[in-house]
Amino acid sequence: MSELTLLQGLVDSVHEKHKENQEGAVATYIPALAEADPDAFGIAITTIDNKTVTAGDVDSAFSIQSVSKPFVYGLALEEFGIEAVGRHVGSEPSGESFNSIELNPDTGLPFNPMINAGAISVVGMLYDALADKTGDRILRLFSELSGSDIRIDESIFESEMTTAARNRALAYLMQSTGFFNAPVEEKLASYVSQCSAMVTARELSIMAATLANIGTHPSSGNAVYSPLTVRQVLSMMFTCGMYDYAGRWALDVGLPAKSGVSGCLMAVVNRQIGIGIWSPRLDGYGNSVRAIAACRDLTEELGLHAFEFSNRGSSILSMYIK
Ligand code: GLU
């Protein structure tokens, strides 16, 4: 039996185990998200040598929402460098909800790029450089990462724009402190647009596999991100990627991950696999109930936790101390 057949068996059994779980509720604060099929559930794993194993609804599209944040943050790091990006967004967990109307009192900046304020600030930097080409640049990035032609869903975009009071408040708050320039409305629209890009669980796992593969796309071989960018992005995901559940997630699962309010979850196993899971019912933190449960089981079965006892640590250090 090949290794992939074994992995397929595991993914099938994890999907089967959680399929009937109906806990949680679909997000409704963006009205269009309420239309998602609550029973949809797909799990996809893509290896860094471009093999994909799936179970369930892995080819149905959903809006990427906050899972766009690490990818766009990576793009800004590539375009402007760590130092310049660091003048627009910090790198500390906020301890507040993802859409909290608050900046770090010590720096006046958003706490990190995984919460809304940080992501709006980051896309604002791109807007300063690209203006009305920002949206196309981001879709080109998502298309390159997924290997598919990624588009936005206009009805989700419109739905979020008409209910974006909190994000609008955040954007104007940032403008008032000086590091976030006009045009505020256009920058807000760029953020909402990146969240409205439609992907599938299969595509998400391929996008995650580029991060697992230190920035090189598993099938095209294109270097989308530098290794340093990937290290920065994965570190942010590890500490801040799972809303107010990030600490517990680090303990229980121990993988860099990002979730989104459409019920998607992306996790990365360094140098091995990207994971994409979608199931729209959310828990109280805004994380997908079944995605969390499935990812926890996969981690347990495959020994994926970053601090798993079998993890041998730095191969460079081992040359010095063997
Ligand atoms: N577009 C959503 C918002 O800004 C993204 C939230 C999320 O997925 O965490 O509210």
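Whatever order the structure lists ligands and atoms in, that order sets their numbers, starting from 1. Side-chain atoms are counted along with the backbone in the values below, which use heavy atoms only and exclude waters and symmetry mates.
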Among all protein non-hydrogen atoms, which one is nearest to [atom], and what is the separation to 0.1 Å?
atom: atom 2 (C) of ligand 1; value: Q65 OE1, 3.1 Å
atom: atom 4 (O) of ligand 1; value: Y191 OH, 2.7 Å
atom: atom 10 (O) of ligand 1; value: Y29 OH, 2.5 Å

Item to complete: Please round to the nearest 0.5 Å and tell me the distance separating atom CD1 of I45 and atom CD1 of I277.
Response: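 It comes to 7.5 Å.
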Using a strict 4.0 Å cut-off to heavy atoms of [X], name the atoms of ligand 1 that fall inside it.
X: S66; result: 5 (C), 6 (C), 7 (C), 8 (O), 9 (O)
X: F98; result: 6 (C), 9 (O), 10 (O)
X: Y243; result: 7 (C), 8 (O), 9 (O)
X: G260; result: 8 (O)
X: C195; result: 1 (N)

Worksheet item: Has E308 got more than 12 heavy atoms of other residues, nucleotides or ligands less than 6.0 Å from its CD?
Response: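 Correct, the count exceeds 12.
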Worksheet item: Has the side chain of N112 got a donor or acceptor atom that lies under 3.5 Å from a matching backbone atom of I115?
Response: yes
Worksheet item: Is a side-chain donor or acceptor of N104 paired with a backbone partner of F111 at a separation under 3.5 angstrom?
Response: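 No, because the side chain of N104 does not come within donor-acceptor range (under 3.5 Å) of the backbone of F111.
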Practice prompt. Of the side chain and backbone of N116, name the one, both, or neither that has a heavy atom under 4.0 Å from an atom of ligand 1.
Written response: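 Within the 4.0 Å criterion, N116 contacts ligand 1 through side-chain atoms alone.
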Discussion item. Is the contact between E160 and ligand 1 made by the side chain, the backbone, both, or neither, using heavy atoms and a 4.0 Å cut-off?
Written reply: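 Contact part for E160 vs ligand 1: side chain (C-beta onward).
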Practice prompt. Could you pull out all residues at least two apart from D128 that satisfy side chain to side chain donor-acceptor pair (under 3.5 Å)?
Written response: K187
Practice prompt. Check the side chains of T229 and S226 for a donor-acceptor pair under 3.5 angstrom, ignoring hydrogens and angles.
Written response: yes
Worksheet item: Under 4.5 Å between any side-chain heavy atoms of F71 and T210, yes or no?
Response: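 No. Closest side-chain heavy atoms not under 4.5 Å.
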Worksheet item: Do K69 and F98 meet the cation-pi criteria used here (NZ or CZ under 6.0 Å from the six-membered ring centre, within 45° of the axis)?
Response: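 No, cation not above the ring by the 6.0 Å, 45° rule.
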Worksheet entry | Sub-4.0 Å heavy-atom contact, N99 with ligand 1 | no
